[in-house]
Amino acid sequence: MKRARRLFRARSAKEGLPPGTLVHIGEASQHAVAITRFSFSEQELREERECDLAALTPEQAGSRVTWIDVEGVHEVETIRSLGESYSLHPLVLEDIVSTVQRPKVEDYDDYLFLVARMLLPQEGRDFSVEQVSMVLGRGWLFTFQEGFRGDVFESVRERLRSGKGRIRAQGADYLAYALLDTMVDRYFTVLEQFGERLVLLEEEVSLHPHPRLLVQLNELKKEAIFLRKTIWPLREVLSFLQRDDTELINETTRIYLRDVHDHAIQAIETVETYRDLLSGMQDLYLSSIANRTNEIMRFLTVIGTIFIPLTFIVGLYGMNFKYMPELEWHWGYFGVLLLMAVIALGMVEYFRRRRWL
Amino acid sequence: MKRARRLFRARSAKEGLPPGTLVHIGEASQHAVAITRFSFSEQELREERECDLAALTPEQAGSRVTWIDVEGVHEVETIRSLGESYSLHPLVLEDIVSTVQRPKVEDYDDYLFLVARMLLPQEGRDFSVEQVSMVLGRGWLFTFQEGFRGDVFESVRERLRSGKGRIRAQGADYLAYALLDTMVDRYFTVLEQFGERLVLLEEEVSLHPHPRLLVQLNELKKEAIFLRKTIWPLREVLSFLQRDDTELINETTRIYLRDVHDHAIQAIETVETYRDLLSGMQDLYLSSIANRTNEIMRFLTVIGTIFIPLTFIVGLYGMNFKYMPELEWHWGYFGVLLLMAVIALGMVEYFRRRRWL
Amino acid sequence: MKRARRLFRARSAKEGLPPGTLVHIGEASQHAVAITRFSFSEQELREERECDLAALTPEQAGSRVTWIDVEGVHEVETIRSLGESYSLHPLVLEDIVSTVQRPKVEDYDDYLFLVARMLLPQEGRDFSVEQVSMVLGRGWLFTFQEGFRGDVFESVRERLRSGKGRIRAQGADYLAYALLDTMVDRYFTVLEQFGERLVLLEEEVSLHPHPRLLVQLNELKKEAIFLRKTIWPLREVLSFLQRDDTELINETTRIYLRDVHDHAIQAIETVETYRDLLSGMQDLYLSSIANRTNEIMRFLTVIGTIFIPLTFIVGLYGMNFKYMPELEWHWGYFGVLLLMAVIALGMVEYFRRRRWL
Amino acid sequence: MKRARRLFRARSAKEGLPPGTLVHIGEASQHAVAITRFSFSEQELREERECDLAALTPEQAGSRVTWIDVEGVHEVETIRSLGESYSLHPLVLEDIVSTVQRPKVEDYDDYLFLVARMLLPQEGRDFSVEQVSMVLGRGWLFTFQEGFRGDVFESVRERLRSGKGRIRAQGADYLAYALLDTMVDRYFTVLEQFGERLVLLEEEVSLHPHPRLLVQLNELKKEAIFLRKTIWPLREVLSFLQRDDTELINETTRIYLRDVHDHAIQAIETVETYRDLLSGMQDLYLSSIANRTNEIMRFLTVIGTIFIPLTFIVGLYGMNFKYMPELEWHWGYFGVLLLMAVIALGMVEYFRRRRWL
Amino acid sequence: MKRARRLFRARSAKEGLPPGTLVHIGEASQHAVAITRFSFSEQELREERECDLAALTPEQAGSRVTWIDVEGVHEVETIRSLGESYSLHPLVLEDIVSTVQRPKVEDYDDYLFLVARMLLPQEGRDFSVEQVSMVLGRGWLFTFQEGFRGDVFESVRERLRSGKGRIRAQGADYLAYALLDTMVDRYFTVLEQFGERLVLLEEEVSLHPHPRLLVQLNELKKEAIFLRKTIWPLREVLSFLQRDDTELINETTRIYLRDVHDHAIQAIETVETYRDLLSGMQDLYLSSIANRTNEIMRFLTVIGTIFIPLTFIVGLYGMNFKYMPELEWHWGYFGVLLLMAVIALGMVEYFRRRRWL
């Protein structure tokens with residue numbers, strides 16, 4: 001809910017502004033924007049932090065690849081000047097600074113613009129989301145992270161620095177693939193946590209059904225809706241990258257993208273399975289609660305019913321009629337006690353036979 | 001419901017009339033129709049109000065763009081003469097004055113006809129709807145609003161007047177895009193308000209479940225159905241504009257339309273999410289109410305059950321048998337009081353252990 | 001249900017007969033078949049009733065259009081001889097006399113065969129259905145109505161007779177369009193009535209929930225299923241007419257057909273909305289009924305619970321123990337009365353505080 | 001359920017065998033396989049029973065058509081030798097003897113292989129199913145029925161023998177159409193029976209809701225699932241026959257196949273409508289039962305509540321206090337009787353006003 | 001649930017590693033990897049176990065087919081060296097050792113890579129799953145099984161050894177088909193077991209509804225979700241193999257693949273039917289339980305209600321008023337007994353008539 005609220009606050013702030021106006025939408029940050037530039041070929045790698053913005057112009061240096069990783073998108077001017085150096089379309093810049101995009105890919109002929117959402121598992125129970133935008137050109141790649149809650153790209157940076165594997169020998173498209181792959185892998189960590197909570201809740205539901213569990217179930221259902229909404233559009237993005245005839249992506253990289261696509265589908269299917277399981281759990285919970293209440297009510301009603309004729313009998317002999325022969329009998333009292341015991345035991349037996357007790 | 005009713009009243013008034021008959025369908029208005037004409041090029045802008053209808057003929061003046069904005073569609077004759085100047089198809093005029101169209105786009109070769117629905121947030125809790133029709137020709141754009149409840153185009157007019165941004169340098173197709181963009185942005189304001197009401201209702205439901213909330217839930221569900229029905233067809237409209245090979249829309253404008261399309265999809269997904277949340281809330285509410293009733297009934301039944309054997313015992317010693325030895329005992333009364341206290345406490349303890357109390 | 005039953009009675013009567021066998025399926029009629037022939041050009045119109053069957057052969061007289069309107073399809077021989085004059089396919093004739101077809105369109109190269117279902121609003125609450133078949137050739141149009149419950153084509157006939165509007169200047173395809181348009185317009189009258197009943201029922205449900213309403217709800221749900229089944233296939237029919245490359249339909253008429261198509265979609269969406277509303281109403285009704293029952297039961301149980309300890313106390317002092325000091329006290333009786341009043345008021349207060357009363 | 005069980009017993013018997021192995025799957029039969037051969041041209045017809053298997057080779061005799069109808073598929077060797085004479089693919093023969101196929105059509109260039117399922121109405125309440133396989137070649141047609149429960153092809157045979165109608169003048173494809181048409185017509189007889197049972201059950205549900213009806217409802221739901229599963233794939237089969245560019249089916253026959261296709265769609269829509277109705281009936285039933293129980297419980301609780309204060313009062317005056325002034329009054333007893341009457345009537349009135357009684 | 005848990009444990013272990021890194025994901029095994037190599041032509045067959053890895057290079061020996069069957073994928077190095085001999089893509093090897101893939105097929109030009117999931121029926125009630133990967137090249141086929149719980153390929157090996165049937169005369173594509181066919185056949189054994197459990201549970205549900213059944217129902221529902229998720233994607237795989245224009249699969253083999261495709265669809269439809277049946281059973285169970293509880297409560301309440309006026313009467317004559325004429329009457333006591341008998345019988349009769357008892 002808070003997520004939905006944030007989305008709208010943000011959106012409505014921009015109403016009425018011309019398209020391409022750069023307005024940062026998202027959480028405000030105290031940190032400065034951190035820009036790191038990797039420039040590498042198969043042989044060597046240059047890594048610069050806090051680099052000069054002016055120097056960030058595209059170089060067409062053969063097979064050399066440039067990766068500019070921007071953490072923090074709240075400084076609109078920085079983003080604008082970066083965008084101008086590489087002559088990015090104003091709508092691209094607008095989408096980068098507005099962190100409420102749905103995952104998508106757009107082909108601007110000279111470059112591809114791609115938005116994805118990163119899921120970051122949290123210590124406690126929940127998870128957080130961050131938007132990652134990528135601009136993939138010929139020989140260069142821009143990545144923009146919100147940069148608040150951590151970063152999933154470190155493993156890729158390590159592979160770049162060590163120079164092991166294919167990564168430095170391939171182009172910018174392979175780098176983009178590697179980053180997407182890392183992000184999708186992280187989805188599974190979040191889904192695993194979610195799955196663990198589901199298992200725990202299911203045990204609770206079948207062992208100790210309690211109204212409070214329903215609120216938890218509802219929370220999980222809302223999170224599953226959110227997960228689905230986050231992961232689902234990525235499928236289209238990856239399917240587009242694989243299928244499309246843009247020259248920016250090599251044939252060899254497409255094979256790798258097919259693999260991420262496959263993982264994304266698996267993630268979506270897992271969320272769908274979770275939703276089915278949650279719906280089954282809700283049915284189970286509601287029936288368990290209803291059963292428990294029914295059991296109690298039935299037990300109490302049976303108990304009450306056993307006493308009804310007994311109470312009638314004691315009332316009967318509490319009447320004040322002048323002539324009631326039983327009252328005079330010497331063993332009358334004990335006879336009535338016996339009678340009542342017989343009635344009570346008979347009823348208990350009857351209810352037991354019908355399995356009501 | 002009122003909306004549905006209005007729709008039908010309107011429709012059935014036209015039954016049996018030949019197609020192309022102009023009959024105003026919608027709320028009657030006291031205001032006169034207001035026509036404003038903007039004629040602009042990159043260098044300058046002319047704005048005329050209350051302009052002469054006869055003069056409103058298409059000019060093929062190079063890159064000059066004409067925008068005729070009509071507020072109020074209840075004066076059928078005005079619409080007809082406007083339509084004839086630009087030789088619009090009778091069905092187009094019929095649809096313009098009938099304000100119960102579903103969003104659509106139709107290609108008439110020389111111009112595109114486009115119907116959309118504007119959502120206007122209201123102060124209170126609800127929102128209102130108005131139909132907007134557009135006719136986009138080569139170098140000219142007609143817009144028709146119902147014009148009762150306000151206008152969302154003012155920000156676009158301001159951009160035109162100030163001459164800032166791209167808007168005056170582009171053609172009529174870009175102007176149409178800018179207007180659609182403003183309308184879709186306004187959807188998010190309405191969705192934000194709706195979301196706030198949802199959040200408030202959800203808090204109520206989980207804290208103080210009360211039958212009256214169910215009526216509110218049902219109201220929100222009906223509004224969500226209505227929102228979905230309003231926004232959904234716009235997606236097809238925007239998809240058509242982007243995809244189609246009409247020459248009336250430039251390649252550069254298509255990139256912008258892709259952006260609005262994206263926003264429309266996001267709006268639809270939000271409505272779908274709301275529907276899922278509402279359905280979850282309804283489950284939660286029904287279970288909460290059931291739980292609460294069950295708790296009360298169980299508590300009362302348990303209380304009743306504790307008194308059942310006690311009442312039996314006092315009845316027992318109220319019997320009038322001649323020979324009942326206990327009655328003669330000196331401590332009989334106090335012994336019975338003690339016995340009953342023991343029974344009562346034992347039962348309370350038993351029910352507590354089984355968590356029924 | 002009766003409708004479904006009629007359908008099957010009819011169908012199974014034909015089992016085992018060779019295709020193209022003409023068997024009238026539908027309600028039997030006492031009326032004779034009424035055949036009216038309109039023959040018109042832009043300048044003049046000839047209208048003949050009770051016309052000679054033999055004379056009904058196709059004339060290829062330039063732009064002259066012939067419309068033969070047949071009311072009543074229960075005289076198999078009449079239909080057969082009509083069909084033979086225009087050499088219609090036996091399957092077409094079979095479908096015409098069998099009034100249980102689903103809406104469809106079939107291209108027989110020389111002519112199009114089209115089945116639609118007409119909804120006729122009834123005075124009371126329900127509506128009735130009639131099958132209308134059309135055969136559209138080059139310059140001629142056949143229409144076959146069941147002809148029991150009225151006719152919706154009168155407005156088109158009037159337009160033909162008056163010669164106003166486009167209708168006489170256009171071909172047979174435009175005439176077919178005009179008739180379809182009239183039929184779809186009539187759908188909205190039926191939907192309006194249905195909507196009114198829905199609004200009334202919804203008010204009842206929220207104000208006075210009563211078991212009888214559920215039966216009404218179920219009736220409306222069945223009617224909505226029936227409406228959907230009737231209108232839905234028409235969409236495909238109209239989409240086919242618009243899209244297809246048959247030469248029997250002019251380009252200009254296609255624009256008009258697009259308009260009817262649009263109305264049909266709107267009618268379907270309205271039925272879908274009704275189904276959503278009905279399903280919401282059912283939820284609301286069930287919860288209201290459950291709430292009401294729970295309220296009553298809770299109230300009664302609370303009342304009962306207040307008396308439980310009081311009844312115990314009066315039982316207590318009804319015991320016949322020899323030594324019960326309280327019984328001897330002078331103010332004992334009044335003390336007990338006071339005690340019971342205190343207990344009763346205390347419980348009422350307690351239940352009020354917990355909002356159980 | 002029994003049907004599903006039979007399916008699996010059968011299937012698993014074949015596990016591990018090479019494809020094309022002929023294993024009869026289905027009910028064992030005592031009858032011998034009956035083979036009938038029709039060979040006809042427009043002028044004359046030859047019908048042979050118990051014909052020589054060896055003689056059953058394809059004859060390419062001009063427009064002469066051969067139809068070999070096999071009743072019983074449990075004699076694997078007979079099927080194999082038939083298949084070899086016409087050089088049918090081993091998979092075709094395997095599918096013919098395995099009577100658990102889903103309806104399908106397969107194009108083997110020289111012939112079409114087609115599986116459909118025949119529904120046979122039964123006297124009682126249910127219906128039975130039989131598999132029919134067809135192999136359609138150039139000038140010849142094979143049909144294979146299970147042949148236990150009767151045969152729906154008799155009407156077609158009669159038409160062949162009488163030589164009336166088109167059937168002898170057309171090719172093998174028209175014969176195949178005629179047989180399919182007969183089968184689909186028979187579906188409607190089964191659906192009619194099903195509809196009758198639905199109508200009866202609905203009346204029961206609304207007049208005398210009883211738990212036993214729920215079991216019947218569930219039975220009907222299972223049958224509807226089964227009907228849907230049986231009829232649905234036939235739609236694809238007929239759509240394929242109509243659409244496909246195989247030369248085995250003439251243009252004129254396609255028009256007739258379009259007609260059967262249409263009927264199949266109508267049958268499916270009917271099943272869907274039945275499922276909707278059944279689901280509505282279930283809602284109705286559950287609410288009726290709940291209402292009825294609630295009514296009874298409310299009535300009884302109200303009765304009980306009226307007696308609660310009365311029982312308290314009689315208990316009150318049963319107390320044994322020394323000093324209770326009312327007890328001494330001469331009209332005390334009658335006064336209390338009156339008081340109780342007033343209380344009882346007051347409560348009855350109160351409950352009536354609130355419509356609880 | 002355990003399955004889902006296993007999946008994620010596995011996945012997250014690989015997070016951050018470069019693509020193509022071989023990490024075994026799945027259950028650890030003590031067994032060594034068993035490699036069997038079949039090399040055959042129509043005339044003869046060579047079968048080698050524990051074969052030399054180095055020798056496993058592709059031979060292009062005419063029509064000779066090589067099948068290398070690997071049981072156990074936990075020895076990463078073995079898989080890597082096998083992969084390198086045949087120059088398989090690193091992603092293929094990665095997927096082979098990671099046993100949590102969803103069924104898929106990928107075209108690597110020189111070979112097809114295919115993942116399927118094998119269902120193995122278990123003695124008890126459940127079933128187990130194993131991943132099978134296949135790499136199909138020109139003249140060679142690799143298969144990789146997890147190899148823990150048995151093997152379904154033995155029947156194919158037997159057919160190869162015996163040299164009967166088509167199998168040795170056909171290429172590697174036919175061998176791949178034969179293996180897929182065996183796997184899909186085994187699905188039906190699992191589905192049969194599942195169906196048996198369904199039938200048993202349904203009998204239980206309708207005869208002895210008990211809360212414990214709901215847990216079983218939920219278990220079956222979860223298994224059905226799992227089955228669906230396992231079988232569904234195989235449909236796409238088989239559809240791809242049939243349709244695609246790869247040269248690795250012969251035209252004749254495609255006909256056989258069409259057959260397996262058909263079986264896969266039948267398996268999916270069966271799972272869907274099971275889900276429908278399970279959902280029907282749940283409705284039935286919930287209603288049965290509710291009915292049973294209602295019956296009991298109603299019975300008890302009716303019994304209680306009969307005693308209410310009787311208890312009132314005995315209380316009435318237990319009052320201590322000085323002047324109560326009835327108390328003095330000689331037959332008063334017996335009269336009251338009679339009166340109460342009449343009231344009790346009257347109420348029993350009344351409740352019987354209204355069918356409440």
Side-chain angles (χ1 to χ4, degrees), chain D residues 1 4-5 7-9 11-12 14-21 89-91 94-95 100-102 104 106 108 211 214-215 218 221-222 225-226 229 282 285-286 289-290 293 296-297 300-301 303-304 307 310-311 313-320 324 326-333 336-337, chain E residues 152 154-156 158-159 164-167 177-178 181-182 185-186 188-189 191-192 195-196 198-199 202 206 255-256 258-259 262 265-266 269-270 273-274 276-277 280-281 283-284 287-288 290-291 294 297-298 301-302 304-305 308-309 311-312 315-316 318-325 354 356:
Chain D
M1 234 42 182
R5 224 194 281 210
L7 191 152
F8 291 119
R9 286 272 158 65
R11 262 273 177 243
S12 60
K14 256 177 68 179
E15 202 197 296
L17 293 177
T21 311
H89 196 283
L91 283 178
E94 188 186 349
D95 284 352
V100 291
Q101 302 300 316
R102 69 189 288 269
K104 63 176 174 181
E106 289 172 353
Y108 285 86
L214 198 71
V215 179
N218 202 40
K221 272 164 84 179
K222 283 196 291 184
I225 291 171
F226 185 80
K229 209 180 148 186
Q282 178 163 312
Y285 163 77
L286 290 177
I289 281 285
T293 303
I296 298 174
M297 297 301 274
L300 296 178
T301 311
I303 294 298
F307 275 98
L310 307 186
T311 304
I313 287 168
V314 301
L316 190 72
Y317 292 109
M319 291 197 296
N320 295 323
M324 285 177 70
E326 298 97 321
L327 296 180
E328 314 297 324
W329 299 347
H330 193 261
W331 297 107
Y333 174 51
V336 160
L337 284 185
Chain E
V152 300
E154 194 54 33
S155 63
V156 175
E158 276 311 313
R159 269 150 65 197
K164 278 185 202 137
R166 270 164 230 91
I167 196 159
Y177 147 72
D181 189 45
T182 312
D185 273 3
R186 191 62 61 98
F188 285 95
T189 315
L191 289 174
E192 177 182 350
E196 293 288 344
L198 216 73
V199 172
E202 196 186 32
S206 47
I255 288 175
Y256 287 94
R258 188 168 64 187
D259 197 56
D262 214 64
I265 289 174
Q266 203 163 13
E269 284 185 352
T270 305
T273 304
Y274 283 166
D276 282 347
L277 293 176
M281 275 160 72
D283 289 354
L284 191 64
S287 316
S288 302
N291 267 328
N294 285 342
M297 296 302 273
R298 203 170 65 202
T301 311
V302 163
T305 305
I308 282 172
T311 304
F312 168 71
L316 189 72
M319 290 197 298
N320 295 322
F321 281 99
K322 267 265 158 61
Y323 182 62
M324 286 176 69
R354 301 196 65 164
W356 294 0

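Just so it is clear, the structure is predicted and the values come from calculations on it, not from any experiment. Just so it is clear: chains get the letters A, B, ... in the order the sequence lines come, proteins before strands, and each one is counted from 1.
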For the pair E:Gln266 (side chain) and D:Val100 (backbone), establish whether a donor and an acceptor sit closer than 3.5 Å, ignoring hydrogens and angles.
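Side chain of E:Gln266 to backbone of D:Val100: a pair is present.
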Looking at [X] and [Y], what are the two nearest heavy atoms and their distance?
X: D:Asn218; Y: E:Gly280; result: OD1-O, 3.7 Å
X: D:Val314; Y: E:Met319; result: O-CG, 3.3 Å
X: E:Ser287; Y: D:Leu286; result: OG-CD2, 3.4 Å
X: D:Met297; Y: E:Arg298; result: SD-CA, 4.1 Å
X: D:Gly318; Y: E:Asn320; result: O-ND2, 3.0 Å

Contact part of [X] toward chain D, heavy-atom cut-off under 4.5 Å: side chain, backbone, both or neither?
X: E:Thr305; result: side chain
X: E:Ile255; result: both
X: E:Asn291; result: side chain

About how many Å separate [atom2] of [Y] and [atom1] of [X], when rounded to the nearest 0.5 Å?
X: D:Ile296; Y: E:Thr301; atom1: CD1; atom2: OG1; result: 9.5 Å
X: D:Lys104; Y: E:Arg258; atom1: NZ; atom2: CZ; result: 8.0 Å
X: D:Gln101; Y: E:Asp259; atom1: CD; atom2: CG; result: 7.0 Å
X: D:Lys221; Y: E:Leu277; atom1: NZ; atom2: CG; result: 10.0 Å

Let me know if [X] has heavy atoms under 4.5 Å from chain E in its side chain, its backbone, both or neither.
X: D:Gln282; result: side chain
X: D:Ile225; result: side chain
X: D:Thr311; result: both

Listed partners of D:Tyr108 passing side chain to side chain donor-acceptor pair (under 3.5 Å), at least two apart:
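Checked D:Tyr108 against side chain to side chain donor-acceptor pair (under 3.5 Å); matches are D:Glu106.
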When D:Leu310, D:Val336, D:Leu300, D:Leu316 are compared by non-hydrogen pairs under 4.5 Å with chain E, the top option
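Looking at each of D:Leu310, D:Val336, D:Leu300, D:Leu316 in turn, D:Leu300 comes out on top.
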For chain E, the option from D:Tyr317, D:Trp329, D:Tyr285 that forms the most heavy-atom pairs under 4.5 Å:
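So the answer, after comparing D:Tyr317, D:Trp329, D:Tyr285, is D:Tyr317.
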Using a cut-off of under 4.5 Å for heavy-atom pairs, which of E:Gly304, E:Pro325, E:Ser206 has the most such pairs with chain D?
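Looking at each of E:Gly304, E:Pro325, E:Ser206 in turn, E:Pro325 comes out on top.
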What verdict does the side chain to side chain contact (heavy atoms under 4.5 Å, CB included) test give for E:Met324 and D:Leu327, after you've listed the backbone C-alpha separation in whole Å, the side-chain angles of each residue and the deciding distance to 0.1 Å?
CA-CA 10 Å; E:Met324 286 176 69; D:Leu327 296 180; over 6 Å; no
Hey, what's the ring geometry for E:Phe321 with D:Tyr333, parallel, tilted or perpendicular (30° and 60° as the breaks)?
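Answer is tilted, since the angle falls between 30° and 60°.
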